[in-house]
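Working notes for the structure below.
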Amino acid sequence: MYGMIATWHMAVEGITKGRKILKDRGCAADAIETAIKEVEDFEFYKSVGYGGLPNEEMEVELDAGYMDGTTFDMGAVGAIKDFANPISIARRLSKEKVNNLLVGEGAEKFAHKEGFQRKNMLTERAKIHYYNRVKEIKEQEIKPYSGHDTVGMVCIDENSNMIAATSTSGLFMKKKGRVGDSPICGSGFYVDSKVGGASATGLGEDLMKGCISYEIVYLMKEGHHPQEACEIAVNKLDEELKERRGMVGDLSVIAMNNKGEWGAATNIEGFSFVVTTENQEPIVYLTKNVNGKCIHERASKEWLDNYIKIITTPLAREGGKIKK
Ligand code: GLY
């Protein structure tokens with residue numbers, strides 16, 4: 001038995017490649033790294049890897065996390081610049097005894113020493129998004145942080161080994177050095193091969209307040225189905241934050257247990273995810289929260305075609321100058 005689940009529709013090509021590895025009796029670690037690299041390499045996904053949207057200084061700083069649910073090896077990078085595949089650096093760091101989470105210059109130094117591929121991750125398209133957003137903020141004084149997404153995945157292979165991993169460029173227009181939930185074990189991801197794994201996407205600052213991925217795995221360990229565990233964790237954190245702080249950011253999660261059963265939950269409109277199992281080719285679902293219950297609907301061909309059209313539509317520059 002094998003399976004994979006991932007946040008957002010953008011993971012579908014990666015999951016398709018990962019599934020092939022699992023089908024050929026490859027390991028969960030290779031399947032998940034291959035799947036996430038596919039998302040990192042595709043320039044039109046503006047919240048992960050190459051083409052990811054920059055911070056307020058127009059630099060693309062990337063976060064990624066990786067955990068092995070059998071050995072509990074864990075590695076992560078935060079605010080790393082100019083490397084093509086942060087997920088591979090996170091996996092490599094998981095093999096270290098200490099120094100498993102490196103940020104900024106330290107992470108770059110490690111990656112360089114280990115021979116990882118350098119790459120300028122700021123695309124011309126991302127620069128256009130940046131300048132248009134600068135103009136928008138000036139004219140409308142809106143908050144810059146909206147509409148972003150992390151790729152997070154959980155995978156189980158034929159040997160019942162489970163891996164969870166994430167990769168993101170974080171919040172568009174974030175402060176230099178800001179690190180979200182994605183490289184934080186327990187928040188952006190968590191996995192225990194004896195139980196299952198989970199991963200999160202949304203507003204990192206709020207997801208971290210609930211250590212939401214650990215919470216979901218804990219709930220599964222207590223006997224909850226992954227769907228129940230996801231709904232309980234999201235609804236509880238959503239309510240707590242509204243009660244204590246009067247507001248809550250986007251919270252969306254996916255999970256899979258060690259039987260290949262899966263679940264997903266959200267507190268927003270329009271969260272999509274991808275799932276595949278041994279008997280099921282990858283399917284994209286859209287989910288919505290109706291009074292605490294998350295209802296999943298298979299994305300139509302029209303929705304899928306429209307998504308690709310939107311993300312690849314040429315952009316027009318509206319403001320500012322492109323910095324040399
Ligand atoms: N969840 C991604 C971030 O907040 O950076």
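Quick note: numbers below take in every heavy atom, side chains included, and nothing from hydrogens, waters or symmetry partners. Atoms within a ligand are numbered from 1 in the order they appear, just like the ligands themselves. Everything quoted here is computed from the prediction, not taken from an experiment.
- Interface atoms of ligand 1 facing S182, defined by a heavy-atom separation under 4.0 Å, are 1 (N), 2 (C).
- For G204, a nitrogen or oxygen atom sits less than 3.5 Å from a nitrogen or oxygen atom of ligand 1, counting backbone and side chain alike.
- Contact analysis puts R178 in contact with ligand 1, with a non-hydrogen atom separation below 4.0 angstrom.
- A salt bridge between K242 and E239 is absent, with no side-chain N of the basic residue lying under 4.0 Å from a carboxylate O of the acidic one.
- Distance alone, capped at 3.5 Å, places no donor-acceptor pair between the S187 side chain and the D181 backbone.
- Between K236 and E215 there is a salt bridge, with a side-chain nitrogen of the basic residue lying less than 4.0 Å from a carboxylate oxygen of the acidic one.
- Not one N or O of E205 is nearer than 3.5 Å to an N or O of ligand 1, by distance alone.
- Between E108 and R118, none of the side-chain N atoms (NZ, or NE/NH1/NH2) sits under 4.0 Å from a carboxylate O, so this pair counts as no salt bridge.
- Taking every heavy atom of G202 and a limit of under 4.0 angstrom, the matching atoms of ligand 1 come to 1 (N), 2 (C), 3 (C), 4 (O).
- Atoms of ligand 1 found under 4.0 Å from any heavy atom of D181 (numbered from 1 in listed order, with element): 1 (N), 2 (C), 3 (C), 4 (O).
- Around atom 2 (C) of ligand 1, the closest heavy atom drawn from T150, T166, L203 belongs to T150.
- Between D30 and R91 a salt bridge is recorded (basic side-chain N to carboxylate O distance below 4.0 Å).
- The existence of a salt bridge linking E56 and K175 is confirmed by a sub-4.0 Å separation between a basic side-chain nitrogen and an acidic carboxylate oxygen.
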